[in-house]
Structures are given as structure tokens and as C-alpha cells.
Amino acid sequence: MMHLNAFVMPNGHHEAAWRHPSTDPHRARTLQHYADIARTAERGKLDSLFLADGVALWGNVKHNSHSHFEPLTLLSALAARTVHIGLIATASTTYNEPYHLARKFASLDHLSGGRAGWNIVTSAGIDEARNFNLAKRPAHAARYDRAEEFVEVVKKLWDSWDDDAALVDRASGIYADTDRIHAIEHDGPHFQVRGPLNIERPPQGHPLLVQAGSSETGKEYAARHAEAVFTAQQTFAEGKAFYDDVKGRLAKYGRTPDELKILPGISPILGRTEAEARAREAELNALITPDYGLRQLSKMLDHDVTGHPLDGPLPDVGSFTEGGQSRFELVVGLARREDLTIRQLLERLAGGRGHRVFAGTPVQVADELEAWFTGGAADGFNVMPPTLPGGLDDFVDLVVPELQRRGLFRTEYSGTTLREHYGLARPADRNRVKEPA
């Protein structure tokens with residue numbers, strides 16, 4: 001069975017979604033908006049719901065809505081309004097401490113009954129660094145070096161309580177067996193953390209670990225730590241190459257291919273006919289504000305392109321960035337490969353910021369998903385509705401039943417935890433005290 005994750009942005013993934021008559025930017029600032037979206041995803045039996053995040057004001061708020069809630073806060077509220085769907089939050093290893101995040105994700109896992117996931121990011125933005133007492137962002141390699149140790153510390157903290165440490169023996173007055181609670185005594189180049197965590201081991205052992213970097217360093221990091229990867233791939237060939245590359249790195253870390261799920265992003269624009277779907281895509285693109293797109297493109301490329309003619313080619317932007325390297329390479333490669341003008345490139349990026357946009361009928365969308373899944377380019381998909389809530393309603397009501405008819409997607413949840421949805425084992429209780437023989 002393929003895996004489907006709903007990637008939720010306030011009004012949808014198209015940058016002009018907030019201007020479309022089917023959306024309500026005011027409602028996107030309410031809990032009810034997200035609760036309705038989460039319940040729609042759960043009605044469709046989707047594996048999980050994912051919230052992206054950054055720790056700076058994203059983009060050009062003059063020309064786009066910005067209603068991003070802190071994701072762990074929002075997902076904790078959604079945990080009380082859903083039963084099955086996984087809840088994945090983005091959190092940075094560059095601008096947090098391991099103890100903070102270990103505690104927060106353990107809390108969400110307990111509150112949701114084992115449905116928490118952590119999308120691990122290293123935060124590539126310059127504006128993010130400036131919000132945390134830094135004049136410039138740490139270098140790409142330095143961010144990943146810190147992230148490597150960060151995740152190791154978090155795992156140790158989650159494991160600092162044995163599964164059976166809490167006895168809750170009211171007759172004897174013993175709440176916990178302190179021999180089964182462990183200080184981690186971590187002493188590394190970035191972190192010195194004694195532990196233990198001040199909350200019991202999460203129901204899943206470890207909340208699901210997700211990663212989205214596709215640079216060389218990011219792929220190696222995913223092979224070592226990640227259990228799901230969100231990735232942007234424009235073509236089947238690129239998706240297949242990425243899939244084989246990352247899966248091929250797992251053996252060196254003692255892992256099997258089934259232990260990592262790769263989910264390319266897709267933004268499906270649906271219509272009853274292909275012509276209707278393309279008309280809907282054109283309708284959204286007609287609402288694009290070029291000034292917004294130019295500023296977004298400049299951030300992706302780490303290079304100011306605002307002074308260049310819209311109907312001219314993308315200028316020379318170099319070959320390297322200390323920002324998001326994989327997205328830089330994707331965008332430059334797309335522009336050069338298809339000889340796009342800046343205006344054309346802005347339209348191609350408007351729907352998914354480098355993720356694949358596909359306009360078609362429900363059957364055509366299902367055909368695309370099936371081809372990537374059965375062809376070994378994906379274990380599932382990160383579904384990015386162009387507008388919300390309507391785009392997700394369309395996907396759940398029209399595409400999911402088609403996938404179910406083909407035997408490619410579940411008709412009911414078979415487990416209760418996010419790990420069970422993804423078919424992943426619960427990590428062993430590594431510090432379990434051996435009982436005397």
C-alpha cells in the first residue's frame with residue numbers, strides 16, 4: 001500500500017491561493033479551519049498530516065497571507081479532535097535545544113496516543129539566524145553537524161525511561177522504579193546534557209523521524225536517521241534516481257529499504273476533464289503577483305533576481321549556496337533544462353515551490369501516482385493541495401477512492417500509531433533492566 005501525507009499550508013500551496021474565491025484567509029487563522037482539514041484527511045484514511053514551519057516571517061507578506069501557527073501547539077489541539085491520523089510537526093535543530101524538543105514531541109506523542117512525528121530541519125534562512133542573536137546563518141555543513149548530534153541526544157532522552165519504569169503501585173507507594181530511569185550523561189562537541197527526560201518514554205518509543213533535505217549531506221543524514229523523507233522531484237527519472245540513491249545508502253547503517261519511506265511532493269489540480277483542470281490551474285496562475293514570486297525566487301536561489309526582465313532568461317546565479325542546496329539545484333536545473341524565462345519559472349514554482357504540480361482528472365492523477373509507486377520512484381506521496389480546504393476535499397473524495405479501487409491504498413486504518421500507519425517497527429527499549437534469572 002502506498003502512503004499518503006497531507007501537507008497543510010494555511011490557504012493551500014499555490015502562492016495565490018489566498019486570493020482565490022474558494023478560500024477564506026480570515027478563517028485560516030482559526031483552529032476550526034485546521035480541525036476541518038485534519039478530519040477530512042482522516043476521513044480519507046491518510047497516514048498523516050504535516051505542518052511546515054520556519055522561525056522568521058516567510059516570504060513577502062505584503063503579497064501573500066501568513067497565518068502559520070507554531071506547529072506543536074496546533075497539533076496538540078488537533079490531537080484532541082482526531083483519532084487516527086498522524087501529526088507531524090517541523091522543528092529546527094539549529095535554533096532549539098535537544099531537551100526542549102525531546103520533551104515537546106514526547107508530550108505530543110502521549111497526548112495523541114502515539115501519533116507524533118518530527119520533521120527535522122536545519123533552517124537555511126538568513127532571516128532565521130537574525131532572530132536568534134546571529135549576524136549570519138551557520139554554514140550548511142555546520143548545521144548538519146549540529147543536527148547529527150542533536151538527534152542522537154533526543155533519542156537518548158526518549159530512551160532515558162524504560163518502557164516499564166512507571167510502576168504506579170499505589171499499595172506500596174512506589175510510582176516509578178528509579179533503577180529504570182537513566183541519566184544519559186551526554187558530552188559532545190555541541191551539547192552537554194545530563195538527563196533524564198522529565199516525561200515517560202513516548203508510546204511509539206520514538207516519534208516518527210522525518211527529513212526533507214535532498215542535498216548530498218541531507219541524503220546521507222536521511223539514510224542514517226530518517227524514517228520518512230519528503231522530497232521535491234520534477235520527473236519520474238529524477239524521482240527514481242533519488243529513491244535508489246537514498247535507499248542504497250541504508251545498508252551501511254544496518255538498515256533495510258523498508259525502514260525508510262520516500263514521499264515526493266505533488267500538488268494535484270483536479271477537474272472533471274483535463275481541460276477543466278488546466279483551466280483551474282490557469283485561473284490560479286492569473287492571480288500570481290510577480291513581485292511576490294520574484295522575492296520568493298530570490299530567497300530560493302540566495303541571489304537577487306528582482307531587477308531582471310520577467311521575459312528574459314534566469315541570470316547567472318552561481319552554482320552553490322549556503323542555504324537550501326537541493327532546492328537551489330532543482331530550480332536552476334528546471335530553468336536551464338526547459339529554457340524558461342523568469343516569468344515562466346515563476347508560474348512553474350507558484351503551485352509547489354519546486355514540487356511537482358499536476359493538473360488532470362482524478363483518474364489521471366491516480367495514474368501518475370500509481371506509475372511512480374509501482375515503478376520504484378516513491379513509497380507514497382506528500383499531497384500538497386493547491387487550495388484549502390477545497391483541494392483536499394477533492395483529493396479525498398475523488399482520487400483516494402480511485403486508488404482504493406486499484407488496491408493501492410487502505411480502506412480502513414489497521415493500526416493506532418503513526419509508526420503502524422507507515423509499517424515501521426517501534427524502537428527497542430535499549431536501556432531495559434534485565435530481570436534476574
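Hydrogens, waters and symmetry mates play no part in the numbers below; they use all other heavy atoms, side chains included.
The structure places CZ of R405 at 4.5 Å from CD of E402, a figure rounded to the nearest 0.5 Å. Interatomic distance, F395 CZ to L4 CG, rounded to the nearest 0.5 Å: 5.0 Å. Going from atom OG1 of T235 over to atom CZ of F242 covers 13.0 Å, rounded to the nearest 0.5 Å. Separation of atoms CG (D245) and CD (E238) is listed at 13.0 Å; rounding is to 0.5 Å. Here CZ of F105 is found 13.0 Å from CD1 of I199. Values are rounded to the nearest 0.5 Å. Going from atom OH of Y144 over to atom CD1 of I120 covers 9.5 Å, rounded to the nearest 0.5 Å.
Residues satisfying the salt bridge (Lys or Arg N to Asp or Glu O under 4.0 Å) criterion with R426, sequence neighbours excluded, are D163. Every residue two or more places apart in sequence or in another chain that forms a side chain to side chain contact (heavy atoms under 4.5 Å, CB included) with T411 is listed here: Q404. Here R410 pairs with D47 under the salt bridge (Lys or Arg N to Asp or Glu O under 4.0 Å) rule; sequence neighbours left out. When the side chain to side chain contact (heavy atoms under 4.5 Å, CB included) test is applied to E420, the partners found at least two apart in sequence or on another chain are T416, T417. For S92, the side chain to side chain contact (heavy atoms under 4.5 Å, CB included) criterion is met by T94, Y95, N96, V121, S123, not counting sequence neighbours. Looking at residues two or more places apart in sequence or on another chain, you find no salt bridge (Lys or Arg N to Asp or Glu O under 4.0 Å) involving R103. Under the side-chain hydrogen bond (donor to acceptor under 3.5 Å, both in side chains) criterion, T90 pairs with N119, not counting sequence neighbours. Under the salt bridge (Lys or Arg N to Asp or Glu O under 4.0 Å) criterion, D367 pairs with R406, sequence neighbours left out. Taking E149 as the reference, V153, H186, P189, H190, F191 meet the side chain to side chain contact (heavy atoms under 4.5 Å, CB included) condition, with sequence neighbours excluded.
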field: Candidate pair M9 and M384, rule side-chain contact (heavy atoms from CB on, under 4.5 Å), full reasoning
entry: CA-CA 8 Å; M9 298 288 274; M384 305 166 58; over 6 Å; no

field: Stepwise ring-ring contact (aromatic ring centres under 6.0 Å, His included) test for F7 and F230
entry: CA-CA 10 Å; F7 182 177; F230 297 152; 7.1 Å; no

- prompt: Does the side-chain contact (heavy atoms from CB on, under 4.5 Å) test come out yes or no for L75 and L49, once each step is laid out?
  reply: CA-CA 9 Å; L75 291 181; L49 179 144; 3.9 Å; yes

message: Working note: R201 + N431, criterion side-chain contact (heavy atoms from CB on, under 4.5 Å); need CA distance, chi angles, decisive distance, verdict.
response: CA-CA 11 Å; R201 194 168 192 249; N431 293 316; over 6 Å; no

message: Please evaluate residues L72 and D53 with respect to the criterion side-chain contact (heavy atoms from CB on, under 4.5 Å), reporting the C-alpha separation (whole Å), side-chain torsions for both, the decisive distance (0.1 Å), and the verdict.
response: CA-CA 10 Å; L72 281 159; D53 193 41; over 6 Å; no

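Looking at H225 and E148, their side chains do bring a donor and an acceptor atom within 3.5 Å of each other. Side-chain atoms of S214 and T231 form a donor-acceptor pair, as typed in the model, at a separation below 3.5 Å.
Applying the salt bridge (Lys or Arg N to Asp or Glu O under 4.0 Å) test to residues at least two apart or on different chains, none of the pairs has a partner in residues 256-267. For residues 375-384, the side chain to side chain donor-acceptor pair (under 3.5 Å) pairs, not counting sequence neighbours, are N5-N382, Y243-D379, K247-D379.
Counting only heavy atoms from C-beta outward, the side chains of L87 and S112 approach each other to under 4.5 Å. Residues R249 and E220 meet the side-chain proximity criterion, which asks for heavy atoms closer than 4.5 Å. Using a 4.5 Å heavy-atom cutoff, the side chains of T122 and Y221 are not in contact. Within the 4.5 Å cutoff, the side chain of H13 has no heavy atoms near those of the H355 side chain.
The minimum heavy-atom distance linking E15 with T289 is given by the pair OE2-O, 4.4 Å. Heavy atoms only, all atoms of each residue included: L250 and A223 are closest at CD2-O, 3.3 Å. Contact between A35 and R81 at its shortest, heavy atoms only, is CB-CD, 3.8 Å.
Between the side chain of Y99 and the backbone N or O of P196, at least one donor-acceptor pair lies under 3.5 Å.
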Please tabulate, for the side chains in residues 204-211, all donor-acceptor contacts under 3.5 angstrom to protein atoms that are two or more places apart in sequence or on a different chain.
{"from": "Q204", "atom 1": "OE1", "to": "L418", "atom 2": "N", "distance (Å)": "3.4"}
{"from": "Q204", "atom 1": "OE1", "to": "R419", "atom 2": "N", "distance (Å)": "2.8"}
{"from": "Q204", "atom 1": "NE2", "to": "D109", "atom 2": "OD1", "distance (Å)": "2.7"}
{"from": "Q204", "atom 1": "NE2", "to": "G114", "atom 2": "O", "distance (Å)": "3.4"}
{"from": "Q204", "atom 1": "NE2", "to": "A116", "atom 2": "O", "distance (Å)": "2.9"}
{"from": "H206", "atom 1": "NE2", "to": "D159", "atom 2": "OD1", "distance (Å)": "3.0"}
{"from": "H206", "atom 1": "NE2", "to": "D159", "atom 2": "OD2", "distance (Å)": "3.2"}
{"from": "Q211", "atom 1": "OE1", "to": "G213", "atom 2": "N", "distance (Å)": "3.4"}
{"from": "Q211", "atom 1": "NE2", "to": "G213", "atom 2": "O", "distance (Å)": "3.2"}
{"from": "Q211", "atom 1": "NE2", "to": "G218", "atom 2": "O", "distance (Å)": "3.1"}

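By the 30° and 60° cut-offs, the orientation of the rings of W372 relative to F236 is perpendicular.
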